[in-house]
Amino acid sequence: MQLRLSSAATIAGLIAVVGAALTGCGAGRGDSADIEPITRTTSVSTIVDPNATPSTSSAPQVIAVSPASVPASSASASSVPASPSSASTAIASATSTAPAPASSPSAPAPVVGSATMNRLSETEALLAALDAQLQSATDDPASESK
Amino acid sequence: MQTRPTRKLGTAAALTLTGVLALSGVANATDASTTSSSDPSNDAGHVAFDAAKTRCLESVDVRLTAIGRYQGNVAAAVNLTSDHRASLDSILGSAQSGLTTLRATIEAETDPAALKSECSEVFTGYRIFALRGPQTRLSIGGDAAAAAADKLADVAADLAEDIAEAKAAGKDTSEAEADLADMQAKIADAEAKLPGLVDTVLTFTPAQWNADHTVLSGSISTLRAVRSDLKDAARDARKITVELAD
């Protein structure tokens with residue numbers, strides 16, 4: 001009984017931590033529709049198995065997941081990790097891979113791709129190198145009398 | 001009593017010889033080896049001979065240093081074709097070993113006439129600064145230009161797609177299309193000038209340069225024209241990216 005109370009208190013604490021963290025990163029106030037995109041952008045993360053039996057152990061049971069394996073509902077309050085520290089870790093992981101504001105659906109897509117711009121920059125670097133070589137090719141003969 | 005004036009005269013003659021050699025670059029010092037003051041058997045001649053030899057060795061050393069620099073340039077040039085790299089390695093390696101051997105000969109030389117001939121060979125036999133350096137530069141530059149032309153052709157293809165998409169979306173792309181046409185024309189001009197350019201540059205020998213000091217002029221002019229075309233094309237590309245973003 002004492003164990004159950006302890007677990008319930010821990011879960012309540014975690015919900016508070018998750019809510020506060022989500023609010024801090026601008027993902028919304030506990031609205032699961034806002035939480036979902038962040039969870040889905042997690043590439044490889046450590047998320048506590050929601051089906052694991054709550055325990056007083058300090059080492060939570062974790063599983064590695066890929067984005068495809070993360071169900072939309074996994075960001076709900078029922079799936080929060082089993083300890084405050086692991087909750088912080090999970091949120092930090094999710095927020096670190098959250099999409100940047102520039103790539104949000106409302107931002108206009110760049111007309112010319114970055115690969116093209118990179119190629120153009122590389123070309124300009126080559127032309128600068130060509131400038132230097134041509135300059136030296138005409139400077140070198142002046143040294144012949146040395 | 002008579003020795004002093006003689007020595008003074010000999011020293012003056014030696015200094016004059018040294019000055020002549022210095023001004024004319026050793027190899028061009030005509031008749032320097034036939035003057036009595038360059039005779040290593042007397043003091044004045046010995047001084048002049050040693051000075052000439054020192055200058056001659058310095059002229060070898062500065063060329064060996066330059067060759068090392070060119071070899072470093074070749075090694076660092078990522079766009080050089082394997083054929084051009086092999087040719088340059090061979091040309092520069094031969095010059096390096098030839099000058100190294102010549103240096104040892106000069107260092108051991110005791111005959112003024114032979115020294116004069118060997119010093120002349122440092123210049124006329126190798127033409128490091130007049131020919132080998134520019135050949136290295138033009139080869140690296142030519143292959144860099146070819147790589148730049150390839151990249152610009154890819155950029156033009158990308159931009160053509162971007163323009164088509166923008167046009168399909170209802171954007172007025174007439175200016176971008178005109179710039180793209182100019183860009184493609186400039187790239188084509190550059191590409192037409194490049195084939196064989198570096199190969200030609202690499203065929204010239206010191207003997208050819210000695211006979212005609214302008215052997216590289218045509219290649220330099222062509223490469224400058226290529227650079228101008230490619231810079232225009234790159235400018236067109238930048239302009240198109242701005243036009244599409246507006």
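Since the structure is predicted, the reported quantities are computational estimates derived from the model, not experimental observations. Just so we're on the same page: letters track the sequence lines, and every chain starts at 1.
- In terms of heavy atoms, A:Leu127 sits closest to B:Ala148 at CD2-CB, 4.1 Å.
- For a residue to count as touching a neighbouring chain, one of its non-hydrogen atoms must lie under 4.5 Å from one of that chain's; by this rule B:Tyr70 touches chain A with the side chain only.
- Between chain A and the options B:Thr136, B:Leu152, B:Asn73, heavy-atom pairs under 4.5 Å are most frequent for B:Leu152.
- Of the listed residues B:Gln135, B:Arg132, B:Glu161, B:Lys231, the one with more heavy-atom pairs under 4.5 angstrom with chain A than any other is B:Lys231.
- Residues B:Ala234 and A:Leu120 approach most closely at O-CD1, 4.1 Å, considering heavy atoms.
- Here A:Ser136 is the residue among A:Ser136, A:Ala129, A:Ala132 with the most heavy-atom pairs under 4.5 Å with chain B.
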Next item on the list: Please report the C-alpha distance between A:Leu134 and B:Arg137 in whole Å, then the side-chain angles of each, then the deciding distance to 0.1 Å, and finally whether the side-chain contact (heavy atoms from CB on, under 4.5 Å) criterion is met.
Entry: CA-CA 7 Å; A:Leu134 267 171; B:Arg137 308 295 194 185; over 6 Å; no

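- Residues B:Asp158 and A:Arg119 meet the side-chain proximity criterion, which asks for heavy atoms closer than 4.5 Å.
- Side-chain contact check for B:Ile140 versus A:Leu130: every heavy-atom pair is 4.5 Å or farther apart.
- A:Thr138 places a side-chain heavy atom less than 4.5 Å from the side chain of B:Arg224.
- In terms of heavy-atom pairs under 4.5 angstrom with chain A, the leader among B:Val155, B:Ile163, B:Ile220 is B:Val155.
- Among B:Leu138, B:Asp154, B:Asp150, the residue making the largest number of heavy-atom pairs under 4.5 Å with chain A is B:Asp154.
- Shown are B:Arg238, B:Lys151, B:Arg235; of these, the salt bridge (charged side-chain N to carboxylate O under 4.0 Å, His left out) with A:Glu124 is made only by B:Arg238.
- A:Ala137 and B:Pro134 get closest at one heavy-atom pair: O-CG, 3.5 Å.
- Of all residues in residues 170-189 of chain B, none places a non-hydrogen atom less than 4.5 angstrom from a non-hydrogen atom of chain A.
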